[in-house]
Asks: 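What follows is a structure written as structure tokens; I'll ask about it next.
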Amino acid sequence: MILVGNQIIAFFVHDRQGGTVWGSRPEATAMNPLTSSSGFRRSKLAHGAETLLWCGVLSLFALASGTVQPRHRQHRTLQRASSEQLTHNVPASVEVQEMLRGSAKENGSVVNVVSFGGRGDGSTDNTRAFQACLDALAPSGGICFVPAGNYSFLGTLRVPVGVAMVGTSECVTDAPGRPGGTAHTAGYGGSPNTGSILLVHSGRGNETATPFVSLNENSALRGVTIYYPENVFDQVPKPYPWAVDLVGNDVAVLDCLLLNPWLGIRAVSAARHYIARVQGQPVKTGVFVDATYDIGRIENVHWMHLFSVNDTYLSTLGTIGTGFIIARSDWEYVLNTFVFEMAVGYHFAKSTTGSCNGNFVGIGADATQNASVLIDDADVSGILIVNGEFTSFTHPGIDHVGANTQIVITGSNNGAVRFTNCAFWGPGAAIASINGTTESSVGFDDCVFSTWDAQTNSTEFPPAISMSSRGGLLVRGCDFQTAHKGGQVLLAQGSGKAIVKDNLVAGQLNVTNLGANVSIVKDNAADS
């Protein structure tokens, strides 16, 4: 075998008669002048001379054509590839990050914030140091690397176009003390102590102030923890502005822990945004999306009790908290998201720019105090919810607002909503309350309903699904697993069209029609 650098350019083997058969890499066979389809034999002396000749010729050819690079050029290529690995949002190993920090002066695309005066001591104001590092990368883009430490901020940050602020976390870190024991009994709390931690003090008491981190076009935030040390786990939380604000197109927030923000992530006029692998316990709003005119993506975002389980703290979340608010978005793709113990899980709102259409797969909400899903409006293209899991009930220490119904669709809805292969259980007041215009329609297909009317007084027995909409209702192939006095479906006076068919019903079938325009009830299998 003949090697030039790390490239195999030719090989030879001895046949059984002691001759030599020349060959090459299979993909280069057709272009190698010493190879035919069957090979050929020459004398050993002749082959020895030709070996030296062709080694020299092929070596010069490989170097001249760039197929083989000298060692110093290979090293620089590796550095560039590793830098691109982070820039394109592919998780990089600790070893790669160490190499990037060592090569920052050479390629200029990765800069350590410490070299601009950043100090992770928990007390120094790092606003100017971080902004200087970010601005230094602005002309051509690059990575502002944040080593592990506790970085305090009295001001706000603007990430320029094409720049990424990257911390050390390649997966979302957990809050300290959460896994049981004394911390669990005390209701959690405590300051995070691993990774790149950003301690926010700016904007306290004013939720309309400048957001802490603003991401401009083609920029990213990755691998950091954002923590508000002045909001304490056993006290009523104080308002703050948005932790992260997406103000340009093609912006990403990845692998971050937003431990206890008042407002989490805002994406307005941020086409093709990408929010992934983020978790925490926001107080008022987790994610807000509006004025997005090209596809946005949200995946693996979980809002849950990572910071506090104290009743005083949770009371605010259960009264005003919403996991996701999505207004105008021209297809929003949402995958594997979760909301725990807030007032509303998912709110599909209508803004001055319009409403949402999108695809929502594997979304869930648990212990929501008012509604798992609240829909004020859906775009005519529809809101499609598949493989969802929802439960809504009242926390003993929280005064909730109104009855906790899993799905609430208000009278302003003008579009199509579909729930497919979803599960709903309680204890809660009801599964769904459906209203809307004549243009609206709501469908439940292959869904599971269990345990409703569990938190009402003895004189009220609401049905699983009540319809007052002037539009349409479809309930097909579903499983009503528990028997309740309120029955399965109630069609109010003046409601529109309804089809209830092919369902499994525990107990007696009870579909009450008080005056729907059109109703079809057929082929349902009940116990009695």
Side-chain angles (χ1 to χ4, degrees), residues 82-83 85-87 89-102 104 110-127 129-131 133-134 143-153 156-157 159 163-179 183 188-202 212-213 215 219-231 233 240 243-244 252-261 264-265 275-282 286 300-308:
S82 300
S83 177
Q85 189 180 27
L86 277 184
T87 305
N89 301 323
V90 178
S93 67
V94 174
E95 292 79 9
V96 169
Q97 292 186 6
E98 291 292 336
M99 183 189 69
L100 287 171
R101 293 197 293 275
V110 183
V111 179
N112 192 322
V113 72
V114 174
S115 64
F116 283 80
R119 298 183 62 182
D121 57 12
S123 58
T124 301
D125 180 18
N126 284 270
T127 307
F130 270 63
Q131 195 61 58
C133 183
L134 294 165
I143 296 172
C144 171
F145 179 74
V146 184
N150 291 271
Y151 300 88
S152 183
F153 293 89
T156 61
L157 299 175
V159 181
V163 174
M165 187 161 70
V166 178
T168 60
S169 299
E170 295 183 15
C171 63
V172 178
T173 57
D174 201 354
R178 180 175 175 267
Y188 302 165
S191 174
N193 51 23
T194 60
S196 307
I197 303 165
L198 312 182
L199 309 176
V200 185
H201 300 277
S202 61
F212 172 54
V213 177
L215 297 172
S219 65
L221 177 68
R222 179 174 183 174
V224 302
T225 293
I226 296 179
Y227 173 56
Y228 294 78
E230 294 168 287
N231 267 350
F233 78 99
Y240 280 86
V244 184
V253 180
L254 308 168
D255 300 314
C256 290
L257 172 63
L258 307 187
L259 184 56
N260 61 338
I265 301 171
I275 304 169
R277 303 181 300 279
V278 176
Q279 66 184 35
Q281 190 175 14
N300 291 293
V301 176
H302 288 210
W303 304 132
M304 54 195 302
H305 50 12
L306 295 177
F307 178 67
S308 177

Asks: Could you check whether any side-chain N or O of T225 sits under 3.5 Å from a backbone N or O of I197, counting only pairs where one atom can act as donor and the other as acceptor?
Replies: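 Looks like no, no N/O pair under 3.5 Å.
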
Asks: State, with a plain yes or no, whether a side-chain heavy atom of Y240 is found less than 4.5 Å away from one of F212.
Replies: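 They are not in contact (no side-chain heavy atoms under 4.5 Å apart), so the answer is no.
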
Asks: Listed by chain and number, what are the ring pair (Phe, Tyr, Trp, His ring centres under 6.0 Å) partners of F116, not counting sequence neighbours?
Replies: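 Once residues adjacent in sequence are excluded, F116 has no partner under the ring pair (Phe, Tyr, Trp, His ring centres under 6.0 Å) criterion.
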
Asks: Between S196 (side chain) and T168 (backbone), is there a donor-acceptor pair under 3.5 Å?
Replies: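 Between the backbone of T168 and the side chain of S196 there is a qualifying donor-acceptor contact (under 3.5 Å).
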
Asks: How close do M165 and F130 get, counting heavy atoms only, and between which atoms?
Replies: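 Between these two residues, the closest heavy atoms are SD-CD2, 3.8 Å.
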
Asks: Find the distance between CG (L199) and OG1 (T124) and round it off to the nearest 0.5 Å.
Replies: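 Reported to 0.5 Å precision, the distance equals 11.0 Å.
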
Asks: Apply side-chain contact (heavy atoms from CB on, under 4.5 Å) to L221 and V159, showing your working.
Replies: CA-CA 8 Å; L221 177 68; V159 181; 5.9 Å; no

Asks: Compare every heavy atom of Y151 with every heavy atom of G120, then report the nearest pair and how far apart it is.
Replies: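 Where G120 meets Y151 most closely, the heavy atoms are N-CE2, 3.4 Å.
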
Asks: Roughly how far apart are D255 CG and R222 CZ, rounded to 0.5 Å?
Replies: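 Those atoms lie 5.0 Å apart.
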
Asks: Does the pair N126 and F153 meet the rule for a side-chain contact (heavy atoms from CB on, under 4.5 Å), with working shown?
Replies: CA-CA 5 Å; N126 284 270; F153 293 89; 3.8 Å; yes

Asks: Are the side chains of V224 and C256 in contact, using a 4.5 Å heavy-atom criterion?
Replies: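 Yes; the side chains approach each other to less than 4.5 Å.
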
Asks: L257 versus S169: any side-chain heavy-atom pair under 4.5 Å?
Replies: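 No; the side chains remain at least 4.5 Å from each other.
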
Asks: Given side chains that start at C-beta, do those of V278 and W303 come closer than 4.5 Å, heavy atoms only?
Replies: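 With C-beta onward as the side chain, the pair touches.
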
Asks: Taking the side chain as everything from C-beta on, heavy atoms only, tell me whether N112 gets closer than 4.5 Å to P147.
Replies: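 N112 vs P147: side chains touch.
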
Asks: Quick check: does any side chain N or O of N260 sit under 3.5 Å from a backbone N or O of Y228, one acting as donor and the other as acceptor?
Replies: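 A pair under 3.5 Å: yes.
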
Asks: Between Q279 and L306, what is the shortest heavy-atom contact and its length?
Replies: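 Distance-wise, the nearest heavy atoms are NE2-CD1, 3.6 Å.
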
Asks: Calculate, to the nearest 0.5 Å, the distance between atoms CD1 and CD1 belonging to I275 and I265 respectively.
Replies: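 These two atoms lie 5.0 Å from each other.
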
Asks: Less than 4.5 Å apart, any side-chain heavy atom of I226 and any of V244?
Replies: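 SC-SC contact between I226 and V244 confirmed.
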
Asks: Heavy atoms only: give me the nearest G122-S152 pair and the separation to one decimal.
Replies: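 So the two residues come closest at O-CB, 3.9 Å.
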
Asks: Would you call H201 and P229 a side-chain contact if the rule is heavy atoms closer than 4.5 Å?
Replies: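 When only atoms from C-beta onward are counted, P229 and H201 do touch, with a gap below 4.5 Å.
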
